[in-house]
Colleague: 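I am attaching a structure below and will ask some questions about it afterwards.
Everything numeric here is computed off the predicted structure, so don't read it as measured data. Lettering follows sequence order; numbering is per chain, from 1.
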Amino acid sequence: MIVPSGIGKKRLSLLQDKVVLHGGRLVSSFEEEGRLTHVIVDDMLSIDGFKKYVEDEARVAGVPVLKTQWLSRCLAENAIIPLGEHQMFAMPKICPTVLVGTSLGHPHEEQTKEISINKDGFACAHASGMKTDNVNQLITEELGKLAKIYKNSNDHWRALTYERAINQIKKLPKPISSYEEAKVLHGIGPSLADKIWEIVEQGKLRKAEKLSEGEKVRTLELFTSIWGVGATTAELWYGMGLRNLNDVKTKAHLTHQQQIGLKCFDDLLERMSRAEAGEIAAVIRKAVEELCPGTQTFACGSYRRGKSTCGDVDVLVTHPDGVSHEGLFQPLLKKLKLSGFLTDDLMIQEQSTAQQKYLGVCKLHKENAKYRRLDIIVMPYGELAPALMYFTGSAHFNRSMRLLANKMGMSLSEHGLRAGVVRQGREKVNDGHLLETPTEASIFQHLGLEYRPPEDRDH
DNA sequence: ATCCAGACGGG
DNA sequence: CCCGTC
DNA sequence: GGAT
Ligand SMILES: O=c1ccn([C@H]2C[C@H](O)[C@@H](COP(=O)(O)OP(=O)(O)OP(=O)(O)O)O2)c(=O)[nH]1
Ligand SMILES: [Mg+2]
């Protein structure tokens with residue numbers, strides 16, 4: 001008998017199917033007396049909840065009550081394995097107080113005053129897993145498919161959950177082999193554990209397979225891979241009956257960005273080698289140096305995190321004297337365009353605003369060079385550290401760190417770290433005051449985190 | 001029930 | 001303002 | 001979807 005309380009609907013039916021498949025017999029009511037051999041319950045089911053379900057304890061007298069983990073393992077090994085530690089409660093006994101908990105040793109160095117925030121739930125508090133040893137690649141790939149599908153259809157919170165779960169799984173040193181192992185992880189609930197379980201058992205996700213075949217999903221995927229087209233526009237176009245790039249070119253109203261996106265469509269789908277990213281950054285550095293000696297440039301993004309391929313090149317420009325960065329942008333862009341290096345603009349700073357950002361497309365002067373995305377930001381020297389933090393990422397690392405800052409009554413952006421921020425819900429009521437952040441390390445310090453080099457911020 | 005990062009440019 | 005992007 |  002499987003007690004359904006706390007076991008997801010889907011997981012329950014999967015377990016039931018499996019039991020039958022393996023020659024087991026499901027008992028669904030207490031009427032079939034004397035034929036009950038094992039009772040399966042969710043790990044978190046309390047003794048009271050259990051008693052309530054069976055109504056009369058005598059009905060299950062002497063029958064072992066086991067965690068779902070026991071059933072999972074029996075099914076995996078195709079044998080009745082020893083009950084041992086899988087026993088939930090031998091019927092006349094009492095319920096163990098806590099079965100799973102976050103009782104791992106907390107090497108906590110919290111400030112003794114104020115409410116301490118447990119940073120274990122924040123990705124920015126942990127090194128990202130090694131790029132080489134993702135032992136759960138199958139799981140992360142399958143979940144990634146669904147994450148992308150949800151993102152493309154504007155269900156971005158669901159997509160966020162999937163991405164967080166994937167990052168969590170990537171850090172694991174050992175393969176996940178059961179529902180229970182997955183469910184314990186922060187950010188993985190019944191639904192995701194369910195899916196992970198299916199991947200482990202079946203080697204794939206039927207839901208992802210089914211959805212990926214659909215015309216809508218495939219079309220949204222195509223449209224959103226155009227630079228400047230997001231889920232909303234893709235859905236709009238799909239609703240208008242557009243189905244391929246030719247439809248889009250001839251029937252849709254295209255922004256300037258989307259026109260460039262289409263022009264460079266194939267090239268921009270690719271990532272470039274780390275070496276090429278270095279060459280592109282060097283072109284900017286040389287031009288900047290010629291225009292204004294002493295100006296500093298940093299290649300950030302995935303390049304600074306040490307990745308072997310880069311989706312684009314992210315260059316941060318600043319000047320140690322604190323003022324020479326002003327007015328540098330226009331001449332720089334002019335120079336790079338004149339040389340034929342910059343081929344198209346995607347976004348240019350409306351001058352006289354704080355942020356100085358350029359997004360565009362460039363091409364090296366080589367045979368068979370491809371169009372590459374290029375991002376340049378010019379920042380005042382006083383904002384160098386927070387700007388480096390921001391532009392180095394990863395995006396998930398930034399979001400995690402900013403969330404932590406938020407929870408601590410602070411606010412982190414590329415411009416600085418502020419304390420004493422007061423919020424009403426999401427709305428800021430008081431901006432608080434700027435903290436001194438001379439280095440990246442100082443930002444970690446303010447947030448009570450151990451410093452992490454760029455390579456370990458790859459979440 | 002509410003939050004999930006915070007900022008910028010294009011249109 | 002909404003959308004898309006970093 | 002998940003955590004609080
Ligand atoms: O939503 C985002 C996207 C980016 N960034 C920051 C972190 C990121 O590292 C940097 C550069 O963005 P990019 O999109 O280039 O990411 P990347 O980390 O460089 O990866 P890729 O190799 O795909 O370019 O800007 C954010 O803070 N939030
Ligand atoms: Mg990048």
Colleague: Give a yes/no on whether any side-chain N or O of A:R423 is located under 4.0 angstrom from OP1 or OP2 of B:dT2.
Modeller: no

Colleague: Could you check whether A:K207 pairs with A:E198 (Lys NZ or Arg NE/NH1/NH2 to Asp/Glu carboxylate O, under 4.0 Å)?
Modeller: no

Colleague: For the base of D:dG1, is there a side-chain donor-acceptor partner from A:T161 under 3.5 Å away?
Modeller: yes

Colleague: Is A:N406 near enough to B:dC3 that one of its side-chain N or O atoms lies under 4.0 angstrom from OP1 or OP2?
Modeller: no

Colleague: With respect to the phosphate group of D:dG1, does any side-chain polar atom (N or O) of A:K195 fall under 4.0 Å of OP1 or OP2?
Modeller: yes

Colleague: Any side-chain N or O of A:W227 less than 4.0 Å from the OP1 or OP2 oxygen of B:dG10?
Modeller: no

Colleague: For residues 226-235 of chain A, dump all side-chain donor-acceptor pairs below 3.5 Å to protein atoms at least two apart in sequence or in another chain.
Modeller:
from	atom 1	to	atom 2	distance (Å)
A:T232	OG1	A:N154	ND2	2.9
A:E235	OE1	A:K216	NZ	3.2

Colleague: With a 4.0 Å cutoff (strictly under), does any side-chain N or O of A:T233 reach OP1 or OP2 of C:dG4?
Modeller: yes

Colleague: Using the side-chain contact (heavy atoms from CB on, under 4.5 Å) rule, pick out the option among A:V361, A:L374, A:D375 that qualifies with A:L346.
Modeller: A:V361

Colleague: Would you say A:F391 stacks on C:dC6, if stacking means ring centres under 5.5 Å apart and planes within less than 30 degrees?
Modeller: no

Colleague: Give a yes/no answer on whether the side chain of A:H415 brings an N or O atom under 4.0 Å of OP1 or OP2 in B:dC8.
Modeller: yes

Colleague: Taking the side chain as every heavy atom from C-beta outward, state whether A:F329 and A:I348 have any atom pair closer than 4.5 Å.
Modeller: no

Colleague: Go ahead and write out DNA chain B as dot-bracket, 5' to 3': ( ) for pairs within the strand, [ ] for ones crossing earlier pairs, | when the partner sits on another strand, dots for unpaired; Watson-Crick or G-U wobble, both distances under 3.5 Å.
Modeller: ||||.||||||

Colleague: Between the side chains of A:K145 and A:E142, is the shortest nitrogen-to-carboxylate-oxygen separation below 4.0 Å, so that they form an ion pair?
Modeller: yes

Colleague: Do any side-chain nitrogens or oxygens of A:R402 fall under 4.0 Å of OP1 or OP2 in B:dG6?
Modeller: no

Colleague: Please state how far atom CG in A:N152 lies from atom P in C:dG4, giving the value in whole angstrom units.
Modeller: 11 Å

Colleague: For this output row, return yes or no: ring centroids of A:F223 and A:Y238 closer than 6.0 angstrom.
Modeller: no

Colleague: Nearest-Å distance, CD (A:Q257) to C1' (C:dT5)?
Modeller: 8 Å

